[in-house]
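What you see is a predicted model, and the numbers here were worked out from it, not measured in a lab.
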Amino acid sequence: MAVSQPPVTRAEEGYLLLADISGYTGFMTGLGEAHGVDFSQGIPPGFALMGALLDAVAEGLGDPFTVVKFEGDAVFATAPLAALDGRGGFAVETLRQTYQGFIEARTRADIGRGEHWCQACVLTTGLELKMVLHEGSYVVQAVHGQTELLGNSVNVVHRMLKSTVAETVGNRHFLHVTDDAAERLGLADAGVAHLETYDLGAVPGRVLDLTAAG
């Protein structure tokens with residue numbers, strides 16, 4: 001049986017961002033071990049916490065980023081070239097403010113937990129946020145009623161979530177920018193140089209501290 005092909009909406013070039021919550025898997029494992037899968041007595045507050053953290057990230061990105069979708073523990077967003085080209089300082093400050101909003105949401109959740117304390121609660125303060133930013137071309141396509149971004153640039157930015165950056169810089173909150181993005185942003189000399197090699201090839205870039213002053 002022939003399968004009809006979904007229409008290609010458009011081809012674009014722009015900035016691709018993934019903001020990923022580190023420690024998510026361990027946190028969810030802790031929830032499962034503490035509460036099991038029977039939610040008849042109510043849904044554990046840890047789920048609301050994750051929703052609040054993802055919401056804080058999405059809200060923090062704001063303009064000029066547009067959230068494409070949520071991917072479990074990550075927010076996938078894009079920004080047009082015209083909005084960020086040559087505006088690296090603005091882009092970095094936006095992402096640093098987003099990180100600060102994430103920390104504030106995490107703190108509020110920790111304070112608002114009240115008397116509830118479980119195995120997952122212990123891991124709350126260990127939740128961190130890392131961001132990866134790339135620039136390239138991609139195709140926006142309708143797939144089964146959903147908008148999807150496809151292309152090598154999309155693959156690259158997703159590969160970047162698995163890296164040695166944390167081991168190199170000594171923390172799990174950082175902004176990893178590819179050279180492709182850094183050059184257009186005017187950040188070619190920002191942060192420290194870092195090279196990752198994937199099945200897609202070498203990905204040179206820069207690593208910036210998300211906690212540094214703007």
Considering residues at least two apart in sequence or located in another chain, which fulfil the salt bridge (Lys or Arg N to Asp or Glu O under 4.0 Å) criterion with Asp85?
-> Arg184
What heavy-atom pair brings Leu84 and Ala91 nearest, and what distance separates the two atoms?
-> CD2-CB, 4.0 Å
Can you name the ring-ring contact (aromatic ring centres under 6.0 Å, His included) partners of Tyr15, sequence neighbours left out?
-> none
Residues at least two apart in sequence or cross-chain that pass side chain to side chain contact (heavy atoms under 4.5 Å, CB included) with Gln97, listed by chain then number, are Glu93
With sequence neighbours left out, the residues meeting side-chain hydrogen bond (donor to acceptor under 3.5 Å, both in side chains) with Arg87 are none
Are Val75 and Ile103 connected in a single hydrophobic cluster, I mean Ile/Leu/Val/Met/Phe/Trp/Tyr linked by side-chain heavy atoms less than 4.5 Å apart?
-> yes
Inter- and intrachain pairs under ring pair (Phe, Tyr, Trp, His ring centres under 6.0 Å), touching residues 177-199, at least two apart | His176-His194
If you group Ile, Leu, Val, Met, Phe, Trp and Tyr by side-chain heavy-atom gaps below 4.5 Å, do Leu210 and Leu53 land in one group?
-> yes
For the side chain of Thr78 and the backbone of Leu16, is there at least one donor-acceptor N/O pair under 3.5 Å apart?
-> no
State whether the number of non-hydrogen atoms from other residues, nucleotides or ligands found under 6.0 Å of Glu167 atom CD is greater than 12.
-> yes
For Thr178, all residues meeting side-chain hydrogen bond (donor to acceptor under 3.5 Å, both in side chains), sequence neighbours excluded | His134
Set of salt bridge (Lys or Arg N to Asp or Glu O under 4.0 Å) partners for Glu12, sequence neighbours left out = Arg10
Sequence neighbours left out, cut at 3.5 Å: what donor-acceptor pairs do the side chains of residues 56-69 make with other protein atoms?
residue, atom, partner, partner atom, Å
Lys69, NZ, Glu148, OE1, 2.8
Lys69, NZ, Glu148, OE2, 3.4

Mind checking ring-ring contact (aromatic ring centres under 6.0 Å, His included) for Tyr138 and listing every partner two or more places apart, or none if nothing turns up?
-> none
Leu127, Phe70: one ILVMFWY side-chain cluster at the under-4.5 Å cut-off?
-> yes
Any luck finding a side-chain donor-acceptor pair between Tyr99 and Glu104 under 3.5 Å?
-> no
Candidate pair Thr164 and Glu196, rule side-chain hydrogen bond (donor to acceptor under 3.5 Å, both in side chains), full reasoning | CA-CA 8 Å; Thr164 60; Glu196 290 286 340; 2.6 Å; yes
For Arg159 against Leu200, the heavy-atom pair lying closest together = CG-CD1, 3.8 Å
Apply side-chain contact (heavy atoms from CB on, under 4.5 Å) to the pair Leu18 and Glu71, showing each step before the final yes or no.
-> CA-CA 9 Å; Leu18 272 168; Glu71 301 182 349; 3.8 Å; yes
Please list, chain by chain and in numerical order, all residues satisfying side chain to side chain contact (heavy atoms under 4.5 Å, CB included) with Ala82, sequence neighbours excluded.
-> none
Could I get the full list of side chain to side chain contact (heavy atoms under 4.5 Å, CB included) partners for Ala166, not counting sequence neighbours?
-> Arg172, Phe174
Using a 4.5 Å cut-off on heavy atoms from C-beta on, say whether the side chain of Val132 contacts that of Leu17.
-> no
Hey, does Leu175 have a side-chain heavy atom less than 4.5 Å from the side chain of Val177?
-> yes
Separation between CG of Leu95 and CG of Leu208, rounded to the nearest 0.5 Å | 9.5 Å
For Asp209 and Arg96, what are the C-alpha separation, side-chain angles and deciding distance, and is it a salt bridge (Lys or Arg N to Asp or Glu O under 4.0 Å)?
-> CA-CA 8 Å; Asp209 184 359; Arg96 283 176 175 158; over 6 Å; no
Can you check whether Phe76 and His158 have ring centres sitting under 6.0 Å from each other?
-> yes
For the residue pair Gly136 and Ser153, what are the closest heavy atoms and their distance?
-> CA-OG, 3.3 Å
Can you name the nearest heavy-atom pair linking Val92 to Leu187, along with the distance?
-> CG2-CD1, 3.7 Å
Same hydrophobic cluster for Phe90 and Leu185, using side-chain heavy-atom links shorter than 4.5 Å among ILVMFWY?
-> yes
Derivation of the side-chain contact (heavy atoms from CB on, under 4.5 Å) call for Thr147 and Val140 | CA-CA 7 Å; Thr147 299; Val140 181; 3.5 Å; yes
Side chains of Ile21 and Leu54: closer than 4.5 Å at any heavy-atom pair?
-> yes
Are any of the side-chain nitrogens in Arg206 or Asp189 under 4.0 Å away from the carboxylate oxygens of its partner?
-> no
Please list, chain by chain and in numerical order, all residues satisfying side chain to side chain contact (heavy atoms under 4.5 Å, CB included) with Asp20, sequence neighbours excluded.
-> Ser22, Asp73, Ala74, Lys130, Leu161
